[in-house]
Amino acid sequence: MANILVTGGAGFIGSHTCVELIKAGHKIVVLDNFVNSDVESLTRVKTICVTDFPVEKGDVLDTGFVRSLLKKHKIESVIHFAGLKAVGESVEQPLAYYNNNVVGTYSLLSAMNDAGVHKIVFSSSATVYGDPQVLPLTESHPLSATNPYGRSKLIVEDMLRDLYKSDNQWQISILRYFNPCGAHQSGLIGEDPKGIPNNLVPFVAQVASGRREKLNIWGNDYDTPDGTGVRDYIHVVDLAEGHVKALESLSVGSGCVAVNLGTGKGYSVKEVATAFGNAAGTAIPYIIANRRPGDIASCYADCSFAKEYLNWSAKRNLVDMMTDHWRWQQNNPDGYSDCTN
Ligand code: NAD
Ligand code: UFG
């Protein structure tokens, strides 16, 4: 099988995708600068898969280095996870986000072009739909951005579409993730947020483990069944399997295609807290706080195109997501920095 470069492969979604790629028989090379991850995640991927693969420490912004890797490892396709992802931080440091996410992708694409590598799977986000006008969200919903992080994803999507128009030997898959959570069933790899988690599930996990006192529910006056925000949570292993399908679809023909990866089901903040409490065997204490600026009421996917185009649909439910996330949290209360596990 051809070699695949996985940028950002040490991160949350990248590490799980490495496992599924290896399971499917692919050969991988990881490029990561470890700005938001730990090399331990890759050691554990190797343990899970009982195999070895090259890990290259470096930055996608370094075009020359990426070009040399593509040649050295005879890379045929790239899965591009590397990027910064915190919405609030992107408002405070927009230049860091445009540099890392937009210039970083430009640098990667330039290196790929130079090296004659034209297959890429790109990590986009449901954030490119802005405030949903119609639910569930189909891929043809109008695109907009409400913060620099979202705008960086939209700019890269546009860049990829322009690139394909200019040269249709490119084979591009744009994956729009909904809300990834959960962890590998082994409990060896999972999400390892630095500092206070922004996202709901890792925050709730830390409340369940006693590391944080209570959950702040950001508003209960939304137009949703219980007033709290509704999202489409997707198990990270389902997401990882979607990447394998997307990668394999690239060999079928050229194009630039955007695909939603979600479950199609929305759950409220309260439903998630209850489900996590059930998985952990403890109630999740919470208070109702003010709405978080920029949040939307509801967001969930229409996943019919993923089924049709990739022959992929999510298999794992909310109980699986919470159970697996809790196992990871319990086994690794301090994430990868606690390497005694
Ligand atoms: P993550 O932070 O866990 O992983 C990103 C990885 O990229 C990290 O290992 C980091 O060290 C690396 N990285 C960052 N900048 C780099 C650079 N310039 N050069 C080399 N490596 C670099 O994030 P994740 O949750 O795994 O997300 C992966 C991708 O999916 C990101 O592009 C993110 O924007 C996108 N995404 C994530 C979510 C989510 O909720 N997790 C939702 C939608 C889209
Ligand atoms: N929430 C709380 N308390 C918390 C954290 C979150 O009530 O401590 C609520 C939010 O208000 C929202 C829901 O839980 O209603 C989910 O919030 P997350 O922060 O987990 O996820 P978002 O949907 O806000 O954002 C995520 C990613 C973004 C991405 C977006 C769309 O973090 O990067 O999905 O894909 F852009």
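Both counts, for ligands and for their atoms, begin at 1 and track the order of listing. Source: prediction; values computed, not measured.
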Task: Sub-4.0 Å heavy-atom contact, R176 with ligand 1 - done: no
- [ ] Specify side chain, backbone, both or neither for T228, according to which of its non-hydrogen atoms lie closer than 4.0 Å to ligand 2.
- [x] neither
TODO: Counting heavy atoms only, name the option from N199, V269, V207 that's nearest to atom 27 (C) of ligand 2.
DONE: N199
Task: Any G58 heavy atom less than 4.0 Å from ligand 1 - done: yes
Task: Contact with ligand 1 for T7, non-hydrogen, under 4.0 angstrom - done: no
Task: Cationic tip of K27 above F53 ring, under 6.0 Å, 45° of axis - done: no
Task: Minimal non-hydrogen separation, C18 against G9, with atom names - done: SG-O, 3.9 Å
Open item on the list: Under 3.5 Å between any N/O of L200 and any N/O of ligand 2: does that happen in this structure?
Closed with: yes
- [ ] Please verify whether a non-hydrogen atom of P180 lies at under 4.0 Å from ligand 1.
- [x] yes
Open item on the list: Checking a contact table here: which protein heavy atom is nearest atom 2 (O) of ligand 1, and how many Å away?
Closed with: N36 ND2, 2.7 Å
- [ ] Starting from atom 3 (O) of ligand 1, locate the nearest protein heavy atom and write down its residue, its atom name and how far away it is, to 0.1 Å.
- [x] F12 N, 2.8 Å
Open item on the list: If only side-chain N and O atoms count, and only distance matters, is there a donor-acceptor pair under 3.5 Å linking H26 with E248?
Closed with: yes
Open item on the list: For atom 16 (C) of ligand 2, what is the closest protein heavy atom, and at what distance to 0.1 Å?
Closed with: Y233 OH, 3.4 Å
Task: Closest protein heavy atom (residue, atom, distance) for atom 33 (O) of ligand 2 - done: Y149 CE2, 3.4 Å
TODO: Identify, by atom number and element, the atoms of ligand 2 in contact range of S125, meaning under 4.0 Å from any of its heavy atoms.
DONE: 29 (C), 31 (C), 35 (O), 36 (F)
TODO: Report the residues that fulfil side chain to side chain contact (heavy atoms under 4.5 Å, CB included) with T47, sequence neighbours left out, ordered by chain and then residue number.
DONE: L188
- [ ] Go through the structure and list residues passing side chain to side chain contact (heavy atoms under 4.5 Å, CB included) with Y106, not counting sequence neighbours.
- [x] S110, M159
